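Predicted model, so just to flag it, every value in this text is computed and none were measured. Ligands are counted one by one from 1 in listed order, and the atoms in each one are counted from 1 as well. Keep in mind that the numbers below use all heavy atoms, side chains included, and drop hydrogens, waters and symmetry copies.
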Amino acid sequence: MAVHGLRTYGLGRHQQIDDYQYGGSAGMVLMVEPLSNCIEDLKSKRQYDEIIYLTPDGERLNQSLSNRLSLKNNLLLICGHYKGIDERIREQYITLDISIGDYVLSGGELAAAVLVDTIGRLIPGVLNDETSALFDSFQDDLLAPPVYTRPAVFNNWEVPSILLSGNEAAIQDWQYEQSLKRTRERRPDLLSESEF
Ligand code: ADE
């Protein structure tokens with residue numbers, strides 16, 4: 001991963017990158033020229049599969065979008081600031097707009113960090129146990145089941161005996177049932193009719 005400061009492509013003595021918006025509303029907008037120069041420079045060095053703009057009006061990030069993006073080679077993420085970026089950049093370069101939720105951050109950096117984290121952990125070698133991302137919450141539109149570790153009893157609080165049984169198939173059935181139960185209770189919106 002590489003971070004490229006827009007200021008490097010700023011204009012004039014002050015390396016200007018933002019300006020007042022046309023129309024008179026309050027708030028600064030990232031200018032078209034520095035952003036265009038930055039994107040063109042990066043594109044001349046690499047082929048990007050997607051040029052992504054982090055914005056509250058984008059497609060909502062979820063696990064399936066992260067899964068899809070984890071299969072790509074090169075992604076360019078554009079972080080807006082202030083009131084956003086000049087619309088011409090969106091029209092000319094952006095291939096995907098992504099929002100991380102229905103709230104407004106002061107800039108796209110935290111959203112980009114969230115996106116990079118969800119994608120990065122799906123890339124083999126990033127997690128210690130390569131298979132474990134497969135069992136995460138949301139991976140099959142179900143929340144993850146409860147997990148336990150040693151000791152088997154603490155303060156008389158017991159780990160469910162099935163998990164100590166050594167019966168792989170029974171454990172998997174139990175975990176699936178627990179996932180379903182948890183999803184029904186906490187996120188019924190994730191379930192299709194047949195899973196109720
Ligand atoms: N930039 C500002 N708010 C954002 C959000 N909710 N998602 C993505 N980028 C943003």
Side-chain angles (χ1 to χ4, degrees), residues 1-11 14-43 45-123 126-127 133 136-144 182-183 186-191:
M1 191 190 83
V3 177
H4 307 273
L6 195 55
R7 191 66 70 179
T8 317
Y9 302 89
L11 305 182
H14 300 293
Q15 295 181 294
Q16 186 182 358
I17 56 170
D18 60 347
D19 207 341
Y20 296 100
Q21 55 179 308
Y22 280 120
S25 310
M28 305 295 271
V29 172
L30 289 178
M31 298 163 78
V32 65
E33 190 175 340
L35 264 170
S36 174
N37 289 342
C38 175
I39 294 169
E40 289 293 346
D41 185 25
L42 296 174
K43 282 200 336 168
K45 296 171 185 150
R46 228 176 231 100
Q47 169 90 35
Y48 288 98
D49 300 301
E50 301 281 0
I51 301 183
I52 298 170
Y53 177 46
L54 285 312
T55 172
D57 65 25
E59 174 180 346
R60 180 84 71 81
L61 179 63
N62 59 22
Q63 191 61 46
S64 82
L65 182 51
S66 290
N67 292 350
R68 191 150 60 76
L69 292 174
S70 75
L71 302 173
K72 310 271 184 182
N73 284 321
N74 291 309
L75 303 173
L76 177 54
L77 311 185
I78 311 279
C79 302
H81 225 274
Y82 321 108
K83 281 287 163 187
I85 63 176
D86 192 299
E87 187 68 16
R88 288 166 288 186
I89 293 293
R90 300 185 70 169
E91 291 163 359
Q92 300 296 328
Y93 295 109
I94 302 300
T95 60
L96 187 58
D97 300 287
I98 296 180
S99 164
I100 64 161
D102 289 341
Y103 40 79
V104 181
L105 300 162
S106 56
E109 294 87 349
L110 282 173
V114 168
L115 181 60
V116 166
D117 188 277
T118 64
I119 294 170
R121 60 191 296 288
L122 298 172
I123 295 169
V126 172
L127 287 190
D136 286 341
S137 282
F138 299 114
Q139 205 48 265
D140 42 16
D141 281 340
L142 292 179
L143 300 181
R182 194 160 265 198
T183 311
R186 300 180 184 202
R187 291 295 305 278
D189 56 298
L190 294 174
L191 295 173

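- When each atom of ligand 1 is checked for a heavy atom of A111 under 4.0 Å away, the hits are 8 (C), 9 (N).
- Among protein heavy atoms, the minimum distance from atom 6 (N) of ligand 1 is reached at Y103 O, 2.7 Å.
- Within 6.0 Å of the CZ atom in R46, the count of heavy atoms belonging to other residues, nucleotides or ligands does not exceed 12.
- The distance criterion of under 3.5 Å between nitrogen or oxygen atoms is met by I100 with respect to ligand 1.
- Contacts between T55 and ligand 1 below 4.0 angstrom, taking non-hydrogen atoms only, involve the backbone exclusively.
- Remark: the S36 side chain and the Y9 side chain contain no N/O donor-acceptor pair separated by less than 3.5 Å.
- No side-chain heavy atom of L35 sits less than 4.5 Å from a side-chain heavy atom of M31.
- Contacts of S64 classified as side chain to side chain contact (heavy atoms under 4.5 Å, CB included), with partners at least two apart in sequence or in another chain: N62.
- Taking a cut-off of under 4.0 Å to the non-hydrogen atoms of G101, the atoms of ligand 1 that pass are 6 (N).
- Under the rule for a side chain to side chain contact (heavy atoms under 4.5 Å, CB included), the partners of T55 that lie at least two apart in sequence or sit in another chain are Y53, D57, R90, D97.
- Proximity annotation for atom 3 (N) of ligand 1: of L105, L61, I98, L105 comes nearest, heavy atoms only.
- Using a 4.0 Å cut-off between heavy atoms, S99 contacts ligand 1 through both its backbone and its side chain.
- Checked by atom type and distance alone, the side chain of D141 never pairs as donor or acceptor with a backbone atom of L190 at under 3.5 Å.
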